[in-house]
Amino acid sequence: MTNEIEFGIVTTYDTFKGFGFIRRSKGKDVFFHYQDLAEKIKEPSPGDKLKFKVGKKPKGPYAYEISIIEVEE
């Protein structure tokens with residue numbers, strides 16, 4: 001895991017399954033799950049801008065400590 005904060009945009013999010021993908025400003029797209037949102041107030045939507053950290057799981061990188069910084073209108 002890294003402690004570096006990254007930024008990206010939600011490309012897809014499945015509200016039923018609670019997961020999606022983030023297009024990172026650097027590197028490949030990263031998986032995220034609703035449980036990894038720092039604030040569980042609102043589910044993200046495609047186009048929302050996020051800040052997050054990236055960790056590694058056996059299936060690949062994932063985002064955690066995710067915060068929505070700008071909502072797509």
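Residue numbers start at 1 and run along the sequence shown.
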Checklist line | For T15, all residues meeting side chain to side chain contact (heavy atoms under 4.5 Å, CB included), sequence neighbours excluded | finding: Y13, E43
Next item on the list: Show the numbers, then the answer: is there a side chain to side chain contact (heavy atoms under 4.5 Å, CB included) between V54 and Y62?
Entry: CA-CA 6 Å; V54 176; Y62 74 101; over 6 Å; no
Notebook entry, point to check: Which heavy-atom pair separates D29 from R23 by the least distance, and what is that distance?
Noted result: OD1-CA, 3.3 Å
Notebook entry, point to check: Do I9 and I66 share a hydrophobic cluster, counting only Ile, Leu, Val, Met, Phe, Trp and Tyr and linking them when any side-chain heavy atoms are less than 4.5 Å apart?
Noted result: no
Margin query: On a heavy-atom basis, which atom in L37 and which in P44 lie closest, and how many Å separate them?
Written below: CD1-CD, 3.8 Å
Next item on the list: For F32 and T12, work out which heavy atoms get closest and say how close.
Entry: CE2-O, 4.0 Å
Item checked: K51 to F7 six-membered ring, cation-pi geometry met (6.0 Å, 45°) -> no
Checklist line | Contacts of F31 that satisfy ring-ring contact (aromatic ring centres under 6.0 Å, His included) - sequence neighbours left out | finding: F19, F21
Checklist line | Residues that K26 engages under side chain to side chain contact (heavy atoms under 4.5 Å, CB included), provided they are two or more places apart | finding: E4, E6
Note to self: Does atom CZ (R24) have a neighbourhood of more than 12 heavy atoms from anything else shown, all under 6.0 Å?
What the structure shows: yes
Next item on the list: Please lay out, stage by stage, how I22 and L50 fare under the test side chain to side chain contact (heavy atoms under 4.5 Å, CB included).
Entry: CA-CA 8 Å; I22 302 168; L50 309 174; 3.5 Å; yes
Item checked: Counterpart residues, side chain to side chain donor-acceptor pair (under 3.5 Å), relative to K59 (two or more places apart) -> none
Next item on the list: Give the intermediate values and the outcome of side chain to side chain contact (heavy atoms under 4.5 Å, CB included) for residues K49 and V10.
Entry: CA-CA 7 Å; K49 295 179 182 174; V10 177; over 6 Å; no
Next item on the list: With sequence neighbours excluded, tell me which residues meet salt bridge (Lys or Arg N to Asp or Glu O under 4.0 Å) with K17.
Entry: none
Note to self: Taking I69 as the starting point, is it possible to reach I5 by hopping between hydrophobic residues whose side chains are less than 4.5 Å apart?
What the structure shows: yes
Checklist line | Spacing of D14 atom CG and H33 atom NE2 [to the nearest 0.5 Å] | finding: 10.0 Å
Next item on the list: Indicate the atoms forming the closest heavy-atom contact of F52 with A63, along with that distance.
Entry: CD1-CB, 3.8 Å
